[in-house]
Amino acid sequence: MAEQQASTYEQLPPNPETATLDGRNKYLGFWFFLGGETVLFGSLIGTYLGLRAGTADGPGPADLFHLDLVFIMTMILLTSSLTSVMAIINMKRGSHKKLLGWMWGTVILGAAFLGFEIYEFYDYYQQGLGFGTSAFSSAFYALVGTHGAHVLFGILWISTLLIRYRNSGITLTNAPKFNTAVLYWHFIDVVWVFIFTVVYLLGIGG
Amino acid sequence: MSTAQTGSKNVIWDWLTTVDHKKIGILYLAGGAFFFVLGGIEAILMRIQLMFPEFTFLGAQTFNELLTMHGTTMIFLAAMPLLFGFMNFIIPLQIGARDVAFPFLNALGFWLFLFGGLLLNVSWFTGGAPDAGWTAYVPLSSESAGQGLDYYLLGLQVSGLGTLIGGINFLVTVINMRAPGMSMMRMPLFTWSSFVASMLILFAFPALTIGLLLLMLERLFGGQFFAVDFGGNVIIWQHLFWIFGHPEVYILILPAFGIFSEVIPTFAKKRLFGYSAMVFATLIIGFLGFMVWAHHMFTVGMGPVANAIFAVATMAIAVPTGIKIFNWLLTLWGGRIRFTTANLWALGFIPSFVMGGVTGVMLAVSAANYQFHDTYFVVAHFHYVIIGGVVFGLFAGAYFWWPKMFGYRLNETMGKWFFWLFLIGFHLTFFVQHFLGLLGMQRRVASYLEGQGFGDMNFVSTMGAFLMSIAFIIFLISIFTSKKNTENVNDPWDGRSLEWTTTSPPLHYNYPQTPLVRGLDAFWLEKYEGDGRMKAAEPLGDIHMPNPTILPIVISLGLTIASFGFIYLVYWLIFVGLGITFGAMFIRSVKEDHGHHIPVDEIKRDLEEG
């Protein structure tokens, strides 16, 4: 079957990620999944908004948040989305090597973001914000922690794909996989934009 | 290259590894029926306890556990999986597909449901089942002693994940897998209503996931979401639960509506009255289902403005539902009605469900709701819509599709006994509960006093419950005694939609050639305007099918093991369980599986035998 053979640039259709029924199913199914994830994060954000004033004499948002650190984290994550866009553009052009290169960029930037987040949590913990300190702290760690867990899963997922397909070339089987992984990565980026606004900007300014 | 896979000889291994939508459908039905019987036994035990005033058949703690497990089991582990069984078996057939979009995920969804359900029921043997009601309101649930509530949280989390996966699978199947000519507005109503229900699953279940996650973090890891002393808020749980919980009732009822919309036209020998109105009513019900969750919380103190908005939105749902009721009646009007058992369930459904709808509108009046709230009036209402709607729909679907699924027809005489005894028993049980509620009997109480005047009606109610059990036993017996009715099973009811064009039970690739659909009621059209056979949309050729795999069961098993780790906070067990799950996912991701091809010779052989 043609779809298993490593295809060169000439053989691949212009959109290899949706050229097969399998690919189209994955693509559509993943969009639906992201719809469910939207409700998931919506529920967490709603809970946080309901509880963010409940600091119970513990440290509150204005005592803790450093906007400079979070701004750097935001920029890192936005850049990681950009590199994944470059990866997909190169995938559609048929350049396997550049696809891998840009995707590794995404993984490294994602790992950097996660490192900063771990540092951030450690810092807050040092300042007396444990998970059970107050309703605010529980809601904060639940929301940002769930996002962080998504970033971690994304890093592991994309790394698996990159190692598995390091020599295979772009095929009609792996193109949908890279494409869904990148969709996922954009999604967690968008969620972070909301978290940045609702948690950090509102926490300091609102 | 794809590998030609010969079917495994071992029957058990075959069912454990199957990715065939028909077998998974049957597994869902078997699993759902098991939990349905379990939930029924729990109900009967409660009814015995309530038969006499101050009766001491059960202790109060046992009663609390039974009422919690009855609700949880019936909603999550019986009604939904039974509907999923029909959806799995019938939807691909109705749209002319050979399988669902994600056969692997389909199997995974089933095993997650089964393991989650079993996990929940393990709690009976480990020191007590959950006891805070199926709604698990905080702080009752967050402070409930023992591990019962932890089983509830993890069990529902695991089985809920399975449901979400199933919902996404059906959505993609309906959009991407339809046969040529099967446009959206030519789809049978069962497929349509299941499609909308899947949409509701997708957007409702994540809210439950978060609710359960927060409660788990609170109970096991010291979170303070619901602890008022620490700035927490108990109402958040109610919102999260009902943002899921109200759409959930439409997830249950919409596929049942779809079943009636298949059964009634078939046995009235008329096309469905107002097809497009039915489709749009379904969509509107699905949309409004998300706008009304707070009507479960009228007495919580949201204020008159919020109460009024949610009251009006709730009443608005009666409009599309009424459209459906009238369309069914007008389908029957002037039709050549056959009173088969399947149709009796549909005909019994209409008045029973309307009664539940009327009390629903009464409950929606937020001022009056202060009187009804948490009384048996509510119990009567939701049993009228869930039994009168969903369970009747499941029975109608069982009698309607049984020949297609199992290759034999259920005995009609026993079926009619089953129907009449169950119908009478159902109304005996729940009709009097309206009045018990209005007299002031609270729901979820383990007993009542001698002089309160509740005794007679509770006795009647329990008798009705016994009658329903006897009726259901007749049904169970008829499953085993009807096996010889194997003549005329391919199209026993003079069917209208594509599933009746296949053999009974269908070949494992469903259609040797994908059918070409030329209009609404595709099979009926060919019967009356064609030669009674579907036109083929493709030449006879090799058919590509997915390979069986054991991985779904391994993934589910891993999550179950991890759940025990969470319940008892044994960290190495969590790592082992999650390791198994992620390991199996990793294997699935890394090992490309391209399925196999059924050679054209084998298909020709099947056709000659068939």
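In what follows, every chain begins at residue 1, and chains take the letters A, B, ... in the order their sequences are listed.
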Spell out the residues in [range] that have some non-hydrogen atom less than 4.5 Å away from a non-hydrogen atom of chain B, in order of number; otherwise answer 'none'.
range                       : result
residues 183-199 of chain A : none
residues 117-139 of chain A : Phe131(A), Gly132(A), Thr133(A), Ser134(A), Ala135(A), Ser138(A), Ala139(A)
residues 108-116 of chain A : none

Between [X] and chain A, with a heavy-atom cut-off of 4.5 Å, which part of the residue counts as in contact: side chain, backbone, both or neither?
X         : answer
Ile243(B) : neither
Ala227(B) : neither
Leu217(B) : both
Phe205(B) : neither
Leu202(B) : both
Asp229(B) : backbone
Phe221(B) : both

Legend entry - Closest non-hydrogen atom pair, Leu21(A) against Asn176(B): CD1-O, 4.0 Å
Inset, instruction - Give the minimum heavy-atom separation between Ser43(A) and Ala207(B), together with the two atoms involved. - result: OG-CA, 3.6 Å
Side chain, backbone, both or neither: which part of [X] has an atom under 4.5 Å from a heavy atom of chain B?
X         : answer
Phe41(A)  : neither
Arg24(A)  : both
Phe153(A) : side chain

Hey, could you give me the [atom1]/[atom2] distance between [X] and [Y], rounded to the nearest 0.5 Å?
X         : Y         : atom1 : atom2 : value
Thr160(A) : Met585(B) : OG1   : CE    : 10.0 Å
Ile168(B) : Trp31(A)  : CD1   : CH2   : 13.5 Å
Tyr48(A)  : Phe225(B) : OH    : CZ    : 12.5 Å
Phe230(B) : Asp57(A)  : CZ    : CG    : 10.5 Å

Legend entry - Side-chain touch Phe290(B)/Val39(A), heavy atoms, less than 4.5 angstrom: no
Inset, instruction - Answer whether the closest heavy-atom distance between the side chains of Thr47(A) and His239(B) falls below 4.5 Å. - result: no
Inset, instruction - Against chain A, work out which of Leu171(B), Thr209(B), Asn169(B) has the most heavy-atom pairs shorter than 4.5 Å and name it. - result: Leu171(B)
Legend entry - Within 6.0 Å of CH2 in Trp104(A), more than 12 heavy atoms from elsewhere: yes
Inset, instruction - Please check if atom CH2 in Trp102(A) has more than 12 non-hydrogen atoms from other residues, nucleotides or ligands closer than 6.0 Å. - result: no
Legend entry - ring-ring contact (aromatic ring centres under 6.0 Å, His included) partners of Phe84(B), counting only residues at least two apart: Tyr28(B), Phe170(B)
Legend entry - Steps toward side chain to side chain contact (heavy atoms under 4.5 Å, CB included) verdict (Lys26(A), Val172(B)): CA-CA 9 Å; Lys26(A) 269 207 181 94; Val172(B) 179; over 6 Å; no
Legend entry - Pair Leu51(A)-Gln224(B), side chain to side chain contact (heavy atoms under 4.5 Å, CB included): steps then yes or no: CA-CA 10 Å; Leu51(A) 296 176; Gln224(B) 309 287 6; over 6 Å; no
